[in-house]
Amino acid sequence: MSGGVPLRSGEARTASTVRRPSKAREVLRGPRAEAVPAWVARACTLVGLLDIAAGVFPRFRYSRMHTLAEVLPGALGPFAAALSLSTGVLLLLLAHGLRRRKRRAWRAAVVLLPAGAIAQFTYRHSLVGVLISLALLVPLLRHRDEFRALPDPYSRWRALANFMLMGAGSIGLGLLVVSAHPRRMVGSPSLADRLEHVIYGLFGFEGPVDYTGDTSWTVAFSLGALGLLTAITTIYLAFRPEHPAARLTADDEVRLRALLAKHGGRDSLGHFALRRDKAVVFSPSGKAAVTYRVVHGVMLASGDPIGDVEAWPGAIERFMDEATAHSWTPAVMGCSETGAEVWTRETGLDALELGDEAVVDVADFSLAGRSMRNVRQMVKRIERLGYETRVRRARDLGEAELDRIRRAAEDWRGTDTERGFSMALGRIGDPADGDCLIATAHRIEGAARSASGRAAVGDGWVDEVPGPYGDLKAVLHFVPWGPDGVSLDLMRRDRSADPGMNELLIVAALQAAPRLDIKQVSLNFAMFRSALARGEKIGAGPVLRAWRGLLVFLSRWFQIESLYKFNAKFRPRWEPRFVVYAASRDLPRIGLAAMQAEGFVNPALPRFLRRRSATPSPCAHARAEQHDMSKRGVRAA
């Protein structure tokens, strides 16, 4: 599905009559302005490698100007080697920021390129190296307006990551520096001696390796520069002001709830926009909004925009403006077919079918019939074992019971981190979520037990051990989907409970739906469902079978096939969901960012290093509006 808008016939004729510039003129003019950051990033990487090579290898030269070496002070050569090495490392670190048009990376590169040129000319007497650095400086200055991107969200845990990565890189590069002068080494130091020399050198001390001539000074200056570079960058990241990720403010939540009250029935994922670890941008009219989270430079929206469809383009435009302001990669996870059409039409992005959402119409659901035989038998078996179900609105539960359910759901979670982003609310029992539906399964006291307190299971008896949460054995949590629907949020059960708890509770929720005025229930999302369904049919081609085989293999870790088969038990209708993206090359980054947002690859950080959410950070539009109001002397509300 393409979002490109074709030219009308008159426009096509006009475009064809425009004379294109000659090849020579295109070469002299240079790359297009929008392509400059990518070219500059590649050139910056090349110059950084050349600077590192010039500072490390004693025989690395572009040209030889030995006469200059005779008039230079003796300490200037080792100092220039250390400067060249440090500049190269920093340029390599800045290349990614330049590719993403970051203003701070541009400022640092403008300072470092002349420093690297001076260092190369001083230490290696390289006129070619100077010309390469200055040649890169010219497009940086000429196209400075292309580097306007604002900073990404960051917190102080990046200081620890920088220390570990820079420390490991400094040790590896230091070993290269120490070993780059074998002819001037005194003796034959072992690898352990060289490593010890590097560790000492990073802290500014002499190690066990010795050299003849002035080489020991060159090595010492280079190792000291690497250690100082590691320390300075770590200290900078640790003590700079935090730029926390934007969060949903109380005012944002009130506005979103008002939109959901009017238009919440349009998308089953609408209520998940109220996750408080998401940020939001509103349309200029305030009648629509897009919620998102930024993960490693990817701006991830989830579901369809909230609000009036007529106002969606305004919210989408604000979303894209925010992505452009920060040079983030825009992407949308799990939007509906209507949402994908609007996104692609308004932005020129592309859409790819991601999977299907299982939706059960309550009026059509029944346990009767051969197709529901397995579910019916499982539910009856669980009920005979002494379980009962309760389906209630969250506002109808007492605080003590809600607290017990929250603690049980947390304890029964199968992973170290909470999973969910696009289809998870991330909380249970919040006072503002009174319309949420909670289905619980309980072991009935005294049901099917012997006088000694042993419970009947199948044909035998087992000891009945009370759990820490009493008779509570499983929980399902649903969020509202408009006035007459609910969408499944989470499923948790006691691992010691009998199998079939989830099926029991889903059936209980569907059977209780009419008295709660619920007409449709959205269950789990089945990723790549159509590929799994078509691949197992007779006559499927080899490519489709191979794709299904890969999905089945990945299901060992990501529950792709099991979720599809579980959902299919309830005979739902399948609603396709899409991922919207800018370019095919971005799909791996978007996939990794989505997996991290959903909690599949989240690193387990210590609590004191996790990103804080004390003060929400306003978006680029909010900052611009605040700036305009301050210029007019109006205080922002």
Side-chain angles (χ1 to χ4, degrees), residues 248-278 280 289 291 303 306-307 359-360 362 365 387-413 418 420 423-442 444 469-494 501-502 504-524:
L248 207 63
T249 65
D251 180 62
D252 292 336
E253 187 171 339
V254 169
R255 296 174 66 184
L256 283 175
R257 288 186 184 276
L259 293 177
L260 287 171
K262 295 180 180 179
H263 309 281
R266 189 175 299 278
D267 184 17
S268 63
L269 307 186
H271 199 85
F272 297 127
L274 297 176
R275 282 184 67 104
R276 287 162 188 158
D277 56 358
K278 290 182 179 181
V280 60
T291 58
I306 307 299
V359 178
V360 178
V362 173
F365 177 76
Y387 289 93
E388 71 171 10
T389 59
R390 302 168 191 170
V391 182
R392 295 160 288 175
R393 296 285 187 182
R395 59 173 172 266
D396 298 329
L397 277 72
E399 183 57 35
E401 187 172 5
L402 280 174
D403 182 65
R404 184 163 62 108
I405 291 173
R406 278 193 293 263
R407 290 187 291 109
E410 177 73 16
D411 189 48
W412 296 338
R413 189 177 64 203
E418 185 74 48
M423 302 177 187
L425 186 60
R427 60 181 184 267
I428 299 177
D430 191 281
D433 299 322
D435 287 338
C436 288
L437 198 67
I438 298 179
T440 54
H442 304 262
I444 303 175
Y469 306 106
D471 62 349
L472 182 64
K473 296 300 180 182
V475 175
L476 260 61
H477 188 255
F478 298 83
V479 299
W481 172 14
D484 58 0
V486 291
S487 184
L488 181 60
D489 176 22
L490 61 81
M491 300 187 299
R492 301 279 167 80
R493 70 178 183 88
D494 188 344
M501 291 289 104
N502 293 330
L504 174 68
L505 286 179
I506 288 178
V507 170
L510 290 169
Q511 291 176 338
R515 68 175 173 84
L516 296 170
D517 297 324
I518 294 173
K519 298 180 180 178
Q520 52 187 351
V521 177
S522 171
L523 300 179
N524 289 301

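Predicted model only: the values in this text are computed from it and were never measured.
Between Arg404 and Leu397 the shortest side-chain heavy-atom distance does not fall below 4.5 Å. Side-chain contact between Leu490 and Ile428 is present, with heavy atoms from C-beta onward closer than 4.5 Å. Met423 places a side-chain heavy atom less than 4.5 Å from the side chain of Leu269. Using a 4.5 Å heavy-atom cutoff, the side chains of His442 and Leu472 are in contact. The closest side-chain heavy-atom distance from Leu248 to Arg275 is not below 4.5 Å. Looking only at side-chain heavy atoms (C-beta outward), Ile438 and Arg392 stay at 4.5 Å or farther from each other. Considering only heavy atoms from C-beta on, Leu505 stays 4.5 Å or farther from Arg493 through its side chain. You'll find the side chain of Leu437 reaches within 4.5 Å of the side chain of Ile518, heavy atoms only.
Here the closest non-hydrogen pair linking Cys436 and His271 is SG-NE2, 4.4 Å. For the residue pair Ala394 and Leu402, the shortest heavy atom distance occurs at O-CD1, 4.0 Å. When all heavy atoms are compared, the tightest approach of Ala441 to Leu504 is CB-CD2, 4.4 Å. Between Ala273 and Leu256, the shortest heavy-atom contact is O-CD1, 3.9 Å. For the pair Phe272 and Leu425, the tightest heavy-atom approach, listed with the atom from each and the gap, is CD2-N, 3.6 Å.
A salt bridge does not link Asp252 to Arg276: none of the charged side-chain nitrogens sits closer than 4.0 Å to a carboxylate oxygen. Ion pairing between Lys278 and Glu253 fails under the 4.0 Å rule for side-chain N and carboxylate O.
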- Could you walk me through whether Asp435 and Arg395 pass salt bridge (Lys or Arg N to Asp or Glu O under 4.0 Å), step by step? CA-CA 7 Å; Asp435 287 338; Arg395 59 173 172 266; 2.3 Å; yes
- Show your reasoning for whether salt bridge (Lys or Arg N to Asp or Glu O under 4.0 Å) applies to Arg406 and Asp430. CA-CA 10 Å; Arg406 278 193 293 263; Asp430 191 281; over 6 Å; no
- Task: Take Val521 and Leu488 through the side chain to side chain contact (heavy atoms under 4.5 Å, CB included) test and state the conclusion after the steps.
- Result: CA-CA 8 Å; Val521 177; Leu488 181 60; 5.9 Å; no
- Query: What do the steps show when you test Leu516 against Val486 for side chain to side chain contact (heavy atoms under 4.5 Å, CB included), and what is the final call?
  - Reply: CA-CA 11 Å; Leu516 296 170; Val486 291; over 6 Å; no
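Side chain of Arg492 to main chain of Arg413: no donor-acceptor pair is present (N/O by atom type, distance under 3.5 Å, no hydrogens or angles). Here the side chain of Arg257 pairs a donor or acceptor atom with the backbone of Ala432 at under 3.5 angstrom.
The OG1 atom of Thr389 lies 10.0 Å from the CE atom of Met501; values are rounded to the nearest 0.5 Å. A distance of 13.5 Å separates CG of Asp396 from CZ of Arg390, quoted to the nearest 0.5 Å. Atom OH of Tyr387 is separated from atom CG of Asp471 by 10.5 Å, given to the nearest 0.5 angstrom.
For residues 507-522, no pair satisfies salt bridge (Lys or Arg N to Asp or Glu O under 4.0 Å), with sequence neighbours left out. Each side-chain hydrogen bond (donor to acceptor under 3.5 Å, both in side chains) pair with one or both residues in residues 477-489, not counting sequence neighbours, appears once here: His477-Asp489.
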